[in-house]
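The block underneath contains the structure these notes are about, expressed in structure tokens.
Naming convention: chains lettered A, B, ... in sequence-line order (proteins, then strands); numbering from 1 in each chain.
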Amino acid sequence: MTAVASQDLAAPSSDEPPGGNSRPAVSRTPTWRRLLRRPLAVISLAYLVLLVLAAVFADVVAPYDPADLDLDHVLSGPSAGHLLGTDPLGRDVLSRLIHGGQVSLVNGGVAALTFVMVGVATGLVAGFFGGWTDRVFTWAVDVVIAIPGLIVLLVVLTVFGGNMTVAMAALGILSAPGFARVVRGVTLGVRQELYISAAKVSGLPTRHILLRHVLPRVTGPILVQASLFFGAALLVDAGLAYLGFGVQPPTPTWGGMIIEAASVISQQPWLLVPPGITLALATLSFALLGDAIRDTSAERTGRQSGNARRRSAARRAELPRPAGAPDPAALLSVRGLTVSLPTSGGTADVVADVDLDVRPGETVGLVGESGCGKSITASALLGLLPAGGEIRTGRVQLGDVDLTTAGKSLLRSVRGSRIALISQEPVASLDPVFTAGQQVDELVRRHHGGSRQAVRARTLELLTSVRLRDPESVARRYPHELSGGMAQRVAIAMALAGEPDLLVADEPTTALDVTVQAEILRLLQSIQAERGMAVLLITHDWGVVAQVCQRAYVMYAGHVVESAPVAAMIDQPLHPYSAGLLASMPGRGRPGHHLASIPGTVPAPADWPAGCHFAPRCALATEDCAAPVPLSEPAPGRLSRCVHHDRLIEGATA
Amino acid sequence: MTASGLLEIQDLRVEFAGRRRHDAGVLAADGVSLRIDDAETLGLVGESGSGKSTIGNAVLGLVKPAAGRILFRGQDVTHATTRERRRLGQHIQVVFQDPYSSLNPSRTIGQTLGEQLRLVRGLDRRTTRIHVENVLRQVGMPADTMSRYPAEFSGGQRQRIAIARALVMEPDLVICDEPTSALDLSVQAQILNLLLDLQARLGLGYLFISHDIDVVRHMSHRVAVLLHGRVVEQGPAEGVTRHPDHEYTRTLVAAVPSVDVAAEAPPNGRAPHRNEQGEA
Ligand SMILES: Nc1ncnc2c1ncn2[C@@H]1O[C@H](COP(=O)(O)OP(=O)(O)OP(=O)(O)O)[C@@H](O)[C@H]1O
Ligand code: SF4
Ligand SMILES: [Mg+2]
């Protein structure tokens, strides 16, 4: 079963993020303000700003003229007169450093600016327009990357008589292709977004779409790359000076100062320190700044961002109550199951105090909207909670095994042989590198062993039992060569390989067309009749529940709010949430008229009220609903977590 | 009713080239003829890949038809230029399925809704603001929505905002491509109600695309059923979806699992909203 199970429940399925449907609290502060909350970013930025300001106002700030000779104090270390000492000609090192920044920073800036302009313009155009522009782009990128950069730089410098501006621009161009590819990649993604289509439909000019819709999405990468590259360009600048290019003495540059220091290193090693540290810190600051920008822009696009999720901890007080005794007649008996998941601000209980029974051979539905905890409940049953997820309290009794206390190896042997899973995305649940036959083979071998032929024979038997028309040809195919319906049949065959007593089916037909859905449901029913297997069917579709389930549990915001035989529940729901869901089905409304609807949406776990979780959306809510509401038994075989369930009956008969 | 109605599609054909050189192309729409009048909803139903979205996209100018004509108020817009599109954008708008990718995450709702008014209509800042606030109110969103980002809203709220974006331009026709397929049942009901209200109030025509027959029946005056890019049956919504003529439609309808036993009367029904003209 691992092939199916591990991929699907390893992470909470996309329909049930813990943050669910309600507004995730995303900070609205602009990126730059959030950047300023990071100490390292602030220090880096301050240092760079300081360098730039010093260079700009060098004439005012520098204590000496950088060319002033003071032959009485040659090669002095730091002193009161010369804070950073003097060089072999007695010139003030601090002043030369400040003036040197003018040349070095301008060179770095030229390179970075060229880099950004070339990278963004080409990447954006290639990604957005595609077609031949993209082909030319790809070709050009390959060519430029193949060119040996240093040699070109040296040639450029020779041809242009050592002009560093031209050389730095060339450096920018030569380094741009990798960056342009990044921009193109992001643009390709953004181009698929529906809001681009919507903008086109409105007739917005292409220029506007590019500048306002696409460009902002790439500003993150642009700033990161530009910052990193600026630092690298400073180093190249110094390196070229070392080779004797660029501005010639006596005009100070950082690279030039390093060379001068190197030539007198035996007499005064200190001289290497000021320009070396200045340059190293500048490069480091650019790198740190780039990283910080990357992190903050990632925060911004993330759908979840944390605040106040911790509050739910305070509410846990309502939960712990001694778990009831498991039902001895049940195959699966869950009592008081409470599951917590990590959220950005701590952890939250996303399933609370769930009781659930499935008897042998029974089909039980688990119904509710996304964010109500259906999938997490299923993954808890199978011991497949996502990383950081934890069963806080409760028992999960499968036959004579308590799955919450069972060890890893026991769990593994139970999965597949006694309890199996099929999931919502049939094709994605299969391993793309093996054929369907190989994947069924592996499970057959694990559960029964036997010779190669015996295993394959059993595989074909299984594929036949899920009514695949040509099992041999299906066995030879890879998952991507199967339609959704065929893939789901293969997944069911795999689930059956261990002859489980209980099949957990998590939205098994949601991704399929109705005609295929009907076939799969029929198949499940007949297999169940043949083998006496029990099924726990998770779905949001009442039609599916009505068609195949005997009993159903309705979940809302982590709680089971109602359970009853299906026909009785559909006929007379005893919880306002089930009643509201049933009434909002378009098939039950009068065409063209308002559907009954429940106001609002399912709140995020952190926002669940202390009392009845449904209260904020409930038309029947009163003060009595502000305290935790236990499950009660309004009629034999029926449970409701509502203090006013009787009003639903009055409402129906009035 | 004008001679050619609000939208008329004649013999539309759309082909997609195969992905690789040797793959055969896909005929995503083949001889499709449809028509929508003012304040009318035409439902388009069919299974995945039957060409529903392709037809909507052709009307929106997002895919190029290989043959056939698309007439908007009698005028041929099949091969509209970018400039003509800009003008058409004031009459034909769209609401897509995916509430997560249909709004630009890095722009505020106010910017997204206002840009068309400012750029296409050339309105000033103040007038734009008033317009946008007005439309947001119509879809039931609070006024402070304007200064917020899409990430701050739930799927249902985003879909309301996407509807607001379509309405800002005061269109006559809205292409609704699976507008509620990504939403939960209770939220779907809210959005469907909103779309019905807006149609009654503004006289909008809808091309309503969905794979869900119950939803299409609930929303549409007339329904067309698609199979492999062809319309196999079209007619009044009740007739087509309850007593289909075509074999395929019968299969489709029979496949929908039903809860219903006996509920004929609308549970908790409220004031009727449909203007009678469509149903007659
Ligand atoms: N851009 C495209 N390039 C190539 N083929 C495409 C493209 N868009 C659609 N198709 C193909 O055209 C056919 C019709 O697709 P379309 O998206 O219109 O179907 P649909 O009815 O909207 O399906 P769904 O219910 O899955 O949205 C399909 O075979 C599809 O693979
Ligand atoms: S307990 Fe109160 S709030 Fe909760 S469902 Fe019942 S009536 Fe509504
Ligand atoms: Mg579609």
Picking from B/Gln93, B/Arg87, B/Glu115, which has the most non-hydrogen pairs under 4.5 angstrom with chain A?
B/Glu115
Hey, is NE2 on B/His228 packed in by over 12 heavy atoms from elsewhere, all under 6.0 Å?
no
B/Gln90 versus chain A, heavy atoms under 4.5 Å apart: side chain, backbone, both or neither?
neither
Considering only heavy atoms, which portion of A/Arg617 lies under 4.5 Å from any heavy atom of chain B: side chain, backbone, both, or neither?
side chain
For B/Ile92, is it the side chain, the backbone, both or neither that has a heavy atom under 4.5 Å from a heavy atom of chain A?
backbone
Quick one: do the A/Ser370 and B/Asp184 side chains pair a donor with an acceptor below 3.5 Å?
yes
Between B/Gln190 and A/Gly600, the two heavy atoms sitting closest are NE2-O, 3.0 Å
Would you say that B/Leu185 contacts A/His540 through its side chain, given a criterion of any heavy-atom pair below 4.5 Å between the two side chains?
no
Answer yes or no: does atom CZ of B/Arg86 have more than 12 heavy-atom neighbours from other residues, nucleotides or ligands under 6.0 Å?
yes
In terms of heavy-atom contacts, B/Ser186 and A/Ser597 come closest through O-CB, 4.1 Å
Shortest non-hydrogen contact between B/Ala189 and A/Ser584, atoms and distance
CB-CB, 3.6 Å
Quick check on the interface: out of A/Val566, A/Ile598, A/Thr219, who has the most heavy-atom pairs with chain B under 4.5 Å?
A/Ile598
Might you point out which heavy atoms bring B/His218 and A/His593 nearest each other, and give the distance in Å?
NE2-O, 2.9 Å
B/Gln188, B/Gln116, B/Glu84: which one forms the most heavy-atom pairs within less than 4.5 Å of chain A?
B/Gln116
What part of B/Arg165 gets closer than 4.5 Å to chain A, counting heavy atoms only: side chain, backbone, both or neither?
side chain
Does a side-chain heavy-atom distance below 4.5 Å link A/Tyr195 with B/Arg107?
no
With a 3.5 Å distance limit and no angle check, can you tell me whether B/Asn193 reaches the backbone of A/Leu595 through a side-chain donor-acceptor pair?
yes
To the nearest 0.5 Å, what is the distance between CZ (B/Phe153) and OG1 (A/Thr601)?
12.0 Å
Give the minimum heavy-atom separation between B/Ser258 and A/Gln547, together with the two atoms involved.
N-OE1, 4.4 Å
Side chain, backbone, both or neither: which part of B/Leu119 has a heavy atom under 4.5 Å from chain A?
side chain
For the interface with chain A, which of B/Thr82, B/Asp98, B/Val95, B/Leu103 has the highest count of heavy-atom pairs at distances below 4.5 Å?
B/Leu103
Give the C-alpha distance, both sets of side-chain angles, the deciding distance and a yes or no for side-chain contact (heavy atoms from CB on, under 4.5 Å) between A/Val514 and B/His211.
CA-CA 9 Å; A/Val514 275; B/His211 66 278; 5.9 Å; no
For the CG atom of B/Leu183 and the CD atom of A/Glu369, what is their distance to the nearest 0.5 Å?
10.0 Å
Looking at B/Asp214 and A/Pro586, would you say the former's side chain and the latter's main chain have a donor-acceptor pair under 3.5 Å?
no
